[in-house]
Amino acid sequence: MHSDHKIKISINFNNLKELKSIGVRFLNTERWSGNVLLMVIDAAFTSVGVNYFQVVLPKVREFEKEFVRNGKVTGLSSFCHFDYKKAFYIWKNERSWQVAKEIAQYLSTLSKDDKNSLRIWAKNASIDKWENDPIGKIKGVGLITYQYLRMMGGVDTVMPDKIVKKVINRILIETGEMPVNDNLNFIKTVENIAKINGFRPIEICLMTWFLENPERISEMP
């Protein structure tokens, strides 16, 4: 583990201002106009490993249009009683619906206010013991989904997904360091790199996502 490295990275990113504002939306739990249920569904759909902008985003928007805007589903508690088979025409993967439902069921026990629920959980959710966490224990929730939810709940951290790992490990190799494959060590390494370089970890995560497609930044909910 790179506990003491002082890696200086230079990231020339023209859209840093926009990325910082997306980071703030994450940290203030204001993605999807502050609708926590849509954040949970977004995380559950993303967990399947499909393309975010081409697949997940349009499907969550469709769910929002068909069930949320008209008041058929009003929030986490309401979703707990929702028959997601009614939305199979939008998204057929039963496992990810089940993941969303179980996350909603747990979060809705923490507070009557959805935003508060996600933020309470995220603040207290441990990364080192994530597998013993009530959300970490849900079948279908891996460390990537866990971290994604923590980020949307206001925690300044990073997801160890394949894009982030590929970009950061390439930078590590270029600076003469060993790549970090272990996910927990990777998260801590990126948090350390961010601190040294004056970025938030969440900003480094966003930079890697948009490095090859900055034109997508404006589409991020």
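The model shown is predicted, which means the values in this text are computed figures rather than measured ones. Starting from 1, each residue takes its place in the sequence as its number.
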Assess K165 against F186: is NZ or CZ under 6.0 Å from the centre of the six-membered ring, and within 45 degrees of the ring's axis? yes
Donor-acceptor under 3.5 Å (D133 side chain, K129 main chain): no
salt_bridge(K195, D156) N-O dist < 4.0 Å: no
Measuring centre to centre across the rings, with the benzene-like ring taken for any Trp, is F82 within less than 6.0 Å of F67? yes
Do M207 and L16 come within less than 4.5 Å of each other through their side chains, counting heavy atoms only? yes
Just checking, any donor-acceptor pair under 3.5 angstrom between side chains of R150 and Q147? yes
Please work out whether the ring planes of W130 and Y146 are parallel, tilted or perpendicular, with thresholds of 30° and 60°. tilted
Is there a path from V24 to L206 through hydrophobic residues (I, L, V, M, F, W, Y) whose side chains come within less than 4.5 Å of each other? no
Approximate separation, where rounding is to 0.5 Å, of I41 CD1 and W97 CH2: 5.0 Å
Please check if the distance between the ring centroids of F53 and W209 is under 6.0 Å. no
Salt bridge (charged side-chain N to carboxylate O under 4.0 Å, His left out) between D128 and K188, intermediate numbers included: CA-CA 11 Å; D128 293 308; K188 289 167 187 174; 2.6 Å; yes
Distance col, row I193:CD1 vs I204:CD1, nearest 0.5 angstrom, shows 6.5 Å
ring-ring contact (aromatic ring centres under 6.0 Å, His included) evaluation trace for W91 with F45: CA-CA 9 Å; W91 187 266; F45 288 6; 4.0 Å; yes
Under the 3.5 angstrom rule, does the side chain of T74 hit a backbone N or O of G71 as a donor-acceptor pair? no
If we ignore angles and hydrogens, is there a donor and acceptor under 3.5 Å between the side chains of T157 and E191? yes
Is it the case that T46 and D42 place a side-chain donor and acceptor less than 3.5 Å from each other? yes
Would you say CD of E212 has more than 12 non-hydrogen atoms from neighbouring residues, nucleotides or ligands within 6.0 angstrom? no
